[in-house]
2 protein chains.
Amino acid sequence: MIRIGIVGYGNLGKSCESLIKRSDDMELFGIFTRRDLKEDKFYLLDDINDYKDDIDVLILCGSSDKDILIQAPKLIENFNTVDSFDTHKKIYDYYKEMDKLAKDNKKTALISTGWDPGLFSLIRTYAESVLEDGNTYTFWGKGISQGHSAAVRSIDGIADASQYTIPKEDYIEKVKNGENLEFKAEDAHVREVFAVAKEGYDLKELEKEIKSIPNYFDKYETSVHFISQDELNRNHKGMPHGGRVIRSGKSANNNLSTIEFRLDLDSNPDFTAAVDLAYARAIYRFNKEEKYGAYTVLDIAPKYLSKKDYDKLLKENI
Amino acid sequence: MIRIGIVGYGNLGKSCESLIKRSDDMELFGIFTRRDLKEDKFYLLDDINDYKDDIDVLILCGSSDKDILIQAPKLIENFNTVDSFDTHKKIYDYYKEMDKLAKDNKKTALISTGWDPGLFSLIRTYAESVLEDGNTYTFWGKGISQGHSAAVRSIDGIADASQYTIPKEDYIEKVKNGENLEFKAEDAHVREVFAVAKEGYDLKELEKEIKSIPNYFDKYETSVHFISQDELNRNHKGMPHGGRVIRSGKSANNNLSTIEFRLDLDSNPDFTAAVDLAYARAIYRFNKEEKYGAYTVLDIAPKYLSKKDYDKLLKENI
């Protein structure tokens, strides 16, 4: 059994917890949080080094910038780690830092997994390596963006809000048909906001304010619906998400090939947790094979994720 | 530059040839065939060992049972090889044989790549490793099946024929919605035959004969259209194909996740060649790293397929 520790108890930490309970090759050692929750299986993060011999892999479930960037370089001294660090601009520096620390301590870190970055990253790599002469496009949604929902909620006068990111179907059709489009994410997606206004605020003004939030909304086609808290709770409090990676290109004789990878997820954190745990299995094996350092999904051969032995994979999966 | 040799000059060999011409990190050393074609770049297969120092990787482009099973165990003594061996029942034994021979000779073999087996194999492995509690389904088509077309042509009274394999959309919808279906390939696909009858044969009888060819058609919902040779040549002589791997499953909280990988290919051999060449790059690197033996797509980390160096992958693909 692979002994897993969870760091952080937000949505992702909770999803990891329930998934490990159903696993037959992993067991939950405990969940580490900043506050002492005084419950079975919960530990203070400050005490984590006391348990370094009891845990094979830690799953870091905090936020990228506020938690992982700070926690991971310390934790890697005593633990193998898996994280879903997703601040794209900082991945390169974060990788270099973790690679050095992990090697120094004979530990193994898998950084930036999940579905994007993660499965989408490896699909982009397979697709462009196979179809050299082509273009890769990533679409997100339909799904709830936590960051954008929070940005709306931060407006004075907004009591609560959920934001959907929705890809434009006509863009998807065009790139699947091999049209060589150049566009930015804001051209190919629309944003739909469901918001609850506080009493006494002007809805037209609030709508204007939402649509002009820089980076989050100002460049996007955005629609805003004001609804009751009841309706928001009933219909828009799930965490669905998904997306597609599409690459189309021409082969030697001008024949078109289209590769599409698509995810439709009722629960974004549940699926991210599932990916994290599969990679925890891989990183556990890497460490046993004395492969120390930091890795990404691009370094891991598919067989490392599977519970099946190689003979079974040959017979059932090839 | 990676120096490639092609063994066999059918559809796949020709697609490899045109693709290598457009590559900037591979060059074609030559094409090896049984008959002496007396042209530049063509060599007799019997003389291939004379060129063992001039070729980095051989792509085996013959048929699985008649060519590859016989050629590969000899060629691996002097060459690194990539093949698309696709006789599922024999893959395990073929792997074991090639693994031993390759190790004995310090060579590297990548067996059974292409798209199925190949990319579909690795998607099946990723998908089931991530979504443990679910079902994987593979659909093929819409596309031309060479084997089934040949089976129709072998009937006395048939001058020419093309056969399309077509997946049933309602099965696809159901499995994407998480319905836990159990079915065989013959339930989920229909076969459509376009045939040219020879003069003097009874069309009703021919249709009956086609529909009762064992294994190929007898268990399938099959439709037969008799058309002119002109129309067959004009509309049904391409080699389109494709398919989908779909896995859907429930996560801890009964939330549904659906993973779909889909290929739509104007030319089956062009795309298979593209996959073979990406894996030729990987196997070239494996051999340089002294990774000897036989491998499948499940052993190869995504980064090995890419022309980009790792820093660039970190910055652009993650």
Side-chain angles (χ1 to χ4, degrees), chain A residues 15 17-19 21-23 88 91-92 95 112 117 119 121-126 128-133 176 242 251-253 255-267 270-271 273-275 277-278 281 296-303 305-307 310-311 313-315 317-318, chain B residues 15 17-19 21-23 88 91-92 95 112 117 119 121-126 128-133 176 242 251-253 255-267 270-271 273-275 277-278 281 296-303 305-307 310-311 313-315 317-318:
Chain A
S15 291
E17 179 191 23
S18 12
L19 207 52
K21 281 186 187 157
R22 313 205 313 183
S23 168
H88 273 88
I91 286 175
Y92 179 82
Y95 168 84
S112 301
L119 298 186
S121 316
L122 62 87
I123 294 292
R124 284 190 282 265
T125 304
Y126 280 121
E128 80 176 14
S129 301
V130 165
L131 265 188
E132 286 197 24
D133 195 1
K176 285 180 72 166
S251 58
N253 309 300
N255 286 310
L256 180 69
S257 303
T258 304
I259 300 172
E260 181 182 7
F261 182 75
R262 176 176 177 163
L263 295 174
D264 292 285
L265 314 171
D266 279 358
S267 164
D270 274 8
F271 189 75
V275 179
L277 288 175
R281 183 180 297 123
T296 68
V297 297
L298 304 183
D299 295 289
I300 315 276
K303 68 176 177 185
L305 305 184
S306 179
K307 286 200 298 194
Y310 196 70
D311 279 2
L313 284 172
L314 274 178
K315 286 172 183 166
N317 289 51
I318 292 291
Chain B
S15 291
E17 179 191 22
S18 9
L19 207 51
K21 282 187 185 152
R22 311 203 316 181
S23 166
H88 273 88
I91 286 175
Y92 180 81
Y95 168 84
S112 300
L119 299 186
S121 317
L122 62 87
I123 293 292
R124 284 191 281 264
T125 304
Y126 281 121
E128 81 176 14
S129 302
V130 166
L131 266 188
E132 285 196 27
D133 195 1
K176 285 180 72 166
S251 58
N253 308 301
N255 286 309
L256 180 68
S257 304
T258 303
I259 300 173
E260 179 183 7
F261 182 74
R262 174 174 180 164
L263 295 175
D264 291 284
L265 314 171
D266 279 357
S267 164
D270 274 8
F271 189 75
V275 179
L277 289 175
R281 183 181 296 123
T296 68
V297 297
L298 305 183
D299 296 288
I300 315 276
K303 68 176 177 185
L305 305 184
S306 178
K307 287 200 297 193
Y310 195 70
D311 279 3
L313 284 172
L314 276 178
K315 286 172 184 167
N317 289 52
I318 293 291

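All values below come from the heavy atoms of this structure, side chains included, with hydrogens, waters and symmetry mates left out. Below, read A as the first sequence line, B as the second, and so on, with proteins coming before strands; counting in each chain starts at 1.
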Under 4.5 Å heavy-atom distance to chain B, tell me which part of A:Leu277 shows up: side chain, backbone, both or neither.
neither
Ignoring hydrogens and geometry, is there a side-chain-to-backbone donor-acceptor pair from B:His88 to B:Pro117 under 3.5 Å?
no
Got a donor-acceptor contact below 3.5 angstrom from the B:Asp266 side chain to the A:Asn255 backbone?
no
Ring centres of B:Phe261 and A:Tyr126 under 6.0 Å apart?
no
Check ion pair A:Lys176-B:Asp264 (N to O, under 4.0 angstrom):
no
Pair count under 4.5 Å, heavy atoms only, with chain B: among A:Ser112, A:Pro302, A:Ser129, highest is A:Pro302
Electrostatic pair A:Lys307-B:Glu128, nearest N-O below 4.0 angstrom:
no
Part of A:Ile318 within contact of chain B (heavy atom distance under 4.5 Å):
both
Heavy-atom pairs under 4.5 Å with chain B - which of A:Asp299, A:Ile259, A:Leu263 has more of them than the others?
A:Asp299
Carboxylate-amine/guanidinium proximity below 4.0 Å for A:Arg281 and B:Glu132
yes
Could you walk me through whether B:Asn317 and A:Thr125 pass side chain to side chain donor-acceptor pair (under 3.5 Å), step by step?
CA-CA 6 Å; B:Asn317 289 52; A:Thr125 304; 3.1 Å; yes
Residue, of B:Leu314, B:Val297, B:Leu313, B:Leu265, that accumulates the most heavy atom pairs under 4.5 Å with chain A:
B:Leu314
Under 4.5 Å from any heavy atom of chain A - which part of B:Asp133
side chain
Option that, when pairs with chain B are counted at under 4.5 Å, heavy atom only, ranks first among A:Asp311, A:Val275, A:Leu119, A:Leu19:
A:Asp311
Pick from B:Ser257, B:Ala273, B:Ala278 with the largest number of heavy-atom pairs that fall under 4.5 Å of chain A:
B:Ser257
Which answer fits A:Leu131, side chain, backbone, both or neither, if we ask what part of it has an atom under 4.5 Å from a heavy atom of chain B?
side chain
From the list B:Ser15, B:Ser23, B:Ala274, B:Gly242, the residue making the most non-hydrogen contacts under 4.5 Å with chain A is B:Ala274
Does any backbone or side-chain atom of B:Arg124 lie under 4.5 Å from a heavy atom of chain A? Answer side chain, backbone, both or neither.
both
I need the residue from B:Ile91, B:Ile123, B:Thr296 with the largest number of non-hydrogen atom pairs under 4.5 Å to chain A.
B:Thr296
A:Tyr310 and B:Tyr95: aromatic ring centres closer than 6.0 Å?
yes
